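A short write-up of the structure that comes next.
What you see is a predicted model, and the numbers here were worked out from it, not measured in a lab. Worth knowing before you read on, the calculation uses all heavy atoms, side chains too, and leaves out hydrogens, waters and symmetry mates.
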Amino acid sequence: MLEAIADRFSTSPRSPVLHYPAEHGLDFEDVTFPSEDGIPLEGWFVPPPAPTGS
């Protein structure tokens, strides 16, 4: 029983992607990073806004 409980902490369901950066007018790039276990980690790089002049 304890092993079953521990297994639940080692994995979690993927969170659904409900919105994309473009929906909010953001520039972005798709990025992928390799992980040690071979599963690619995917996400977005959203650069900061350009500084405004003072």
message: Do Y20 and V31 sit in one hydrophobic cluster, given that two such residues count as connected whenever their side-chain heavy atoms are within less than 4.5 Å of each other, even indirectly?
response: no
Joint cluster assignment, F33 & F45, ILVMFWY side-chain distance < 4.5 Å: yes
- prompt: In this structure, are over 12 heavy atoms from other groups packed under 6.0 Å from H24 atom NE2?
  reply: yes
query: Between E23 and L18, what is the shortest heavy-atom contact and its length?
result: OE2-O, 4.3 Å
statement: What one should report as the nearest heavy-atom pair of V46 and D27 is CG1-O, 3.7 Å
- prompt: Do W44 and D30 have side chains that get closer than 4.5 Å, going by heavy atoms?
  reply: yes
